[in-house]
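Structure record follows, encoded as structure tokens.
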Amino acid sequence: MNLTTSLILFLNVTLLSILVPGGPVENRDFDYLKKTPIIYYGFSIFLISLILISLALCYFILLDNLWAFKVSLAVGALYFMVYILDLLKIFPRSPTPMSKTLMLIEIINMMLALLLVIFSLARLSI
């Protein structure tokens, strides 16, 4: 179970990492966010922190540290929130429509986030 949970988390990190603006998948324009630097940089710092924490958690989940599963539960919920807010066009908004590839990756990642929550809860209930 630890390997599966760690792998799900790693897939979340990988798929989120390729969604950087200007990258291979993300084609939307978020220049308007730069007008409010606290939101723009705050969101960027949040996503970078989520990625870095997730990478560290992959290791600690493999070691079967109980606290890592508690944190991964919260991380899974955060991943889910990021994707659901984007898919529902709540935040961040863009005048450029979301590509089908981006939407597919976000839907896959949202499902992986739910799996992460389920696997973390399963480990915590043992």
Side-chain angles (χ1 to χ4, degrees):
M1 180 186 288
N2 295 1
L3 182 59
T4 304
T5 306
S6 186
L7 181 61
I8 290 169
L9 185 55
F10 185 76
L11 286 171
N12 261 301
V13 171
T14 304
L15 290 175
L16 178 62
S17 298
I18 66 169
L19 298 181
V20 295
V25 177
E26 180 61 84
N27 61 343
R28 296 176 293 170
D29 178 22
F30 296 109
D31 282 343
Y32 80 95
L33 282 177
K34 292 180 182 176
K35 294 176 184 172
T36 50
I38 198 153
I39 293 173
Y40 180 76
Y41 291 110
F43 188 56
S44 295
I45 290 169
F46 166 73
L47 292 177
I48 292 167
S49 299
L50 189 59
I51 289 169
L52 293 175
I53 289 167
S54 297
L55 286 173
L57 277 176
C58 287
Y59 173 73
F60 290 109
I61 286 171
L62 287 174
L63 295 179
D64 199 33
N65 286 326
L66 196 58
W67 65 265
F69 286 92
K70 291 177 183 177
V71 176
S72 70
L73 182 63
V75 164
L78 289 172
Y79 273 110
F80 183 83
M81 284 178 26
V82 165
Y83 294 113
I84 197 72
L85 290 173
D86 195 18
L87 288 167
L88 294 176
K89 299 177 182 171
I90 296 171
F91 182 83
R93 291 185 177 181
S94 172
T96 313
M98 183 182 289
S99 70
K100 289 180 182 178
T101 304
L102 175 59
M103 185 180 294
L104 178 63
I105 290 173
E106 288 200 2
I107 290 169
I108 290 169
N109 241 10
M110 193 173 62
M111 291 186 296
L112 286 171
L114 284 175
L115 278 175
L116 179 61
V117 168
I118 291 166
F119 274 76
S120 297
L121 282 172
R123 173 58 186 93
L124 291 171
S125 66
I126 293 176

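Values below: all heavy atoms of this structure, side chains included; hydrogens, waters and symmetry mates excluded. Please read these numbers as outputs of a predicted model, since none were measured by experiment. FYI, the numbering just counts along the sequence from 1.
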Are [Y] and [X] connected in a single hydrophobic cluster, I mean Ile/Leu/Val/Met/Phe/Trp/Tyr linked by side-chain heavy atoms less than 4.5 Å apart?
X: Ile84; Y: Leu78; result: yes
X: Ile39; Y: Ile45; result: no
X: Val82; Y: Ile118; result: no
X: Met111; Y: Leu121; result: yes
X: Leu66; Y: Met1; result: yes

Please examine the side chains of [Y] and [X], heavy atoms only from C-beta on, and report whether any two atoms are closer than 4.5 Å.
X: Phe69; Y: Asn2; value: yes
X: Tyr83; Y: Leu16; value: yes
X: Met98; Y: Glu106; value: yes

Counting only N and O atoms by type, is there a donor-acceptor contact under 3.5 Å from the side chain of [X] to the main-chain atoms of [Y]?
X: Ser72; Y: Val75; answer: no
X: Thr36; Y: Leu33; answer: yes
X: Asn65; Y: Trp67; answer: no

Which atoms form the tightest heavy-atom contact between [X] and [Y], and what is the distance?
X: Ile61; Y: Ser6; value: CG2-N, 3.9 Å
X: Ser17; Y: Ile51; value: OG-CD1, 3.8 Å
X: Gly76; Y: Val117; value: C-CG2, 3.8 Å
X: Pro92; Y: Arg28; value: O-NH1, 4.3 Å
X: Thr5; Y: Ser120; value: CG2-OG, 4.3 Å
X: Glu26; Y: Leu19; value: CB-O, 3.3 Å

Quiz prompt | Residue list, ring-ring contact (aromatic ring centres under 6.0 Å, His included) with Tyr41, at least two apart or on another chain | solution = none
Self-check item: Residue list, ring-ring contact (aromatic ring centres under 6.0 Å, His included) with Phe46, at least two apart or on another chain
Solution: none
Self-check item: Over 12 non-hydrogen atoms of neighbours within 6.0 angstrom of CZ in Phe10
Solution: no
Practice problem: Please indicate whether Ile38 has more than 12 foreign heavy atoms, meaning atoms of other residues, nucleotides or ligands, lying under 6.0 Å from its CD1. | Solution: no
Out of curiosity, [X] [atom1] to [Y] [atom2], how far, rounded to the nearest 0.5 Å?
X: Leu73; Y: Arg123; atom1: CG; atom2: CZ; answer: 13.0 Å
X: Arg93; Y: Leu88; atom1: CZ; atom2: CG; answer: 11.0 Å
X: Ile105; Y: Met110; atom1: CD1; atom2: CE; answer: 14.0 Å
X: Leu9; Y: Leu115; atom1: CG; atom2: CG; answer: 12.0 Å
X: Leu7; Y: Leu112; atom1: CG; atom2: CG; answer: 9.0 Å
X: Ile8; Y: Leu116; atom1: CD1; atom2: CG; answer: 6.5 Å

Quiz item: Under the 4.5 Å side-chain heavy-atom rule for ILVMFWY, direct or indirect, which residues accompany Leu3?
Solution: Leu62
Exercise. If the plane angle is over 60° it's perpendicular, under 30° parallel, otherwise tilted; pick one for Phe30 and Tyr32.
Key: tilted
Exercise. Could you label the plane-to-plane angle of the Phe43 and Phe91 rings as parallel, tilted or perpendicular, counting under 30° as parallel and over 60° as perpendicular?
Key: perpendicular
Quiz item: Do Tyr79 and Asn12 have side-chain N/O donor and acceptor atoms under 3.5 Å apart?
Solution: no
